[in-house]
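So that the names make sense, note that chain A is the first sequence line, chain B the second, and so on, each numbered from 1.
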Amino acid sequence: MSELHPLSRRLLDWYARHARSLPWRETRDPYATWVAEIMLQQTRVDTVIPYYHRWMTRFPTLHTLAESSLQDVLACWEGLGYYSRARSMHRAAGLIIRDHGGTFPSDLHTLLSLPGIGSSSAADILSIAFGQDMAALDGNIKRVIARLYDLPDELDTPAFLRRCRSLLDELLPSGRAGDFNQSLMDLGAGICLPGVPLCDTCPLSENCLARERQSQATRPVTRPRAAIPHVQVTAGVLLQSYNHSQQVLIARRPQSGLLGGMWEFPGGKQEAGESLDASLIRELHEELGVSVEVGRKVGVFKHAYTHFRVTLHAYLCHILSGEPSALAADEIRWVTLPDLSGYPMGKLDRMISEALVKLPD
DNA sequence: GAACCGTGGCT
DNA sequence: TAGCCAAGGTT
């Protein structure tokens, strides 16, 4: 990391001409850089852009974020996925104010101590917002390095990571780490693509060992994933009349785990040998302590999570006996249909909400 | 080390 | 359709 490596010079020259124009690149505000970094974890740039604008309008500073309710934060994040990111940011904002005087931390150790910030995001923040000489190692950069040097090690094994870090340290241009990291990310996102890379337009094609050996398609080396299960799930929409309007019951999921802190219509997985009706009756008894009669079907909705696929069957339900209590949820609440839009929900429950609003009496 | 954690786009 | 993947982090 002393003199400018020829490969790094090519990269920086290419970046100077071809860098993507992105909203978070118009500032060096550490808070804005942080927001973008977290949103971009496992998430495409095109998906993030509208969320980033909305977030920076709604929570323009660290203080506005810290002073907002978790519900408002989750609502702003709805649809972006991996909701622990939003919960972690809300928590981290409070910690920065409480423990660091409201000044965004600029050292690696402190950044890594904050929830939601790991080595990759920390290196990006330090290099981009603070100009520190720190190499980032994310999915794009791993792929680019694995091809440039035709690494035979399996992705994310200790040997693979060790070689990547060593190579990046040799390449890292002093004083230009932010541009260097982002140039590798842009190269990975636009040219050194996972499937078929666009080697004809790559500024590093002459330096690329995988291209020379025609091994691009098998770099980096990855292991096949296990097949994901497909489960049948039921959800119940409990109804009650309140004044002259109808209310439905929603429940807030525990803060940890899948869709933590998000609201949902209670229900659960169908067990082997169980009918959908029986499954729903059982689930609502377990989660709310009520006996119900299953009414008309609201709809069937399909959705794919990372580790399983769901077909969800939603029904209107009527309470036969018992008063609902939050046995499995953090909180339950009766709300009118127009109010549903204000409660943060995952994709499936939002689909149920939308179907309810359109449902004829 | 491996499982878990969302969603949308593309093949 | 089902699989793959995307600026990862936590447990």
A/Lys347 atom NZ is separated from B/dG9 atom P, nearest whole Å, by 9 Å
Evaluation steps, side-chain hydrogen bond (donor to acceptor under 3.5 Å, both in side chains), between A/Arg85 and A/Thr43: CA-CA 12 Å; A/Arg85 295 184 291 174; A/Thr43 310; 3.1 Å; yes
Exercise. Give A/Arg20 one of three labels, base, sugar-phosphate or nothing, depending on what nucleic acid heavy atoms sit under 4.0 Å from its own.
Key: base
Tell me whether the rings of A/Tyr315 and A/His313 are parallel (<30°), tilted (30 to 60°) or perpendicular (>60°). parallel
To the nearest angstrom, the CG-P distance between A/Leu258 and B/dT7 comes to 8 Å
Heavy-atom nearest nucleotide on DNA chain B taken for A/His303 and for A/Thr157; more 5' hit belongs to A/Thr157
Checklist entry - Below 6.0 angstrom between ring centroids: does that apply to A/Trp334 and A/Tyr242? => result no
Item to complete: Spell out, yes or no, whether A/Leu151 and A/Ile141 are grouped together once hydrophobic residues are joined by side-chain heavy atoms under 4.5 Å, including indirect joins.
Response: yes
In whole angstroms, the gap separating C1' of B/dC5 from CG of A/Leu74 amounts to 14 Å
Heavy-atom nearest nucleotide on DNA chain C taken for A/Gly139 and for A/Ala227; more 5' hit belongs to A/Ala227
Min and max contacting nt of DNA chain C in 5' to 3' order, chain A heavy atoms within under 4.0 angstrom, are C/dA2 to C/dT10
Once you apply a heavy-atom cut-off of 4.0 Å, does A/Pro158 come out as touching a base, just sugar-phosphate, or nothing?
sugar-phosphate
Per atom distances to the A/Arg223 side chain, the nearest of B/dG6, B/dA2, B/dG8 is B/dA2
| message | Heavy atoms only, 4.0 Å cut-off, all strands: where does A/Gly346 land among base, sugar-phosphate and nothing? | response | sugar-phosphate
Next on the checklist: When the P atoms of B/dC4 and C/dA7 are compared, how many Å lie between them, rounded to an integer?
Outcome noted: 24 Å
Taken to the nearest whole Å, CG/A/Asp349 to C1'/B/dT7 is 14 Å
**Q.** Connected via hydrophobic side-chain network under 4.5 Å: A/Val290 and A/Ile281
**A.** yes
Answer with base, sugar-phosphate or nothing: what part of the nucleic acid does A/Ser120 contact at a heavy-atom distance below 4.0 Å?
-> sugar-phosphate
Sorted by position of nearest nucleotide on DNA chain C, 5' first, the leading residue of A/Ser88 and A/Trp24 is A/Trp24
Rounded to whole Å, the CZ-C1' distance (A/Arg85 to B/dC5) equals 10 Å
A/Leu40 atom CG is separated from B/dG8 atom C1', nearest whole Å, by 15 Å
inquiry  = One thing to verify: whether A/Asp339 and A/Arg333 come together as a salt bridge, which I'm taking to mean a side-chain N less than 4.0 angstrom from a carboxylate O.
reply    = no
Q. Should the pair A/Phe104 and A/Phe130 be assigned to parallel (<30°), tilted (30 to 60°) or perpendicular (>60°) ring geometry?
A. parallel
query = Are A/Phe301 and A/Phe308 grouped together when hydrophobic residues (ILVMFWY) are joined by side-chain heavy atoms under 4.5 angstrom apart?
reply = yes
From CD of A/Gln41 across to C1' of B/dT7 the rounded distance in Å is 15 Å
So the ring pair (Phe, Tyr, Trp, His ring centres under 6.0 Å) pairs with at least one residue in residues 172-204 of chain A (sequence neighbours excluded) are none
**Report entry** Inter-nucleotide C1' distance (C/dG9, B/dG1), Å rounded
**Finding:** 15 Å
Item to complete: May I ask you to say what A/Ile38 touches in the nucleic acid, namely base, sugar-phosphate or nothing, with a heavy-atom cut-off under 4.0 Å?
Response: nothing
Expected list for residues 175-194 of chain A near DNA chain C, using heavy atoms below 4.0 Å, is A/Met185, A/Ala189, A/Pro194
Between B/dG6 and C/dT11, how far apart are the two P atoms, rounded to whole Å? 13 Å
Here the distance between atom P of B/dT7 and atom CG of A/Leu80, to the nearest Å, is 10 Å
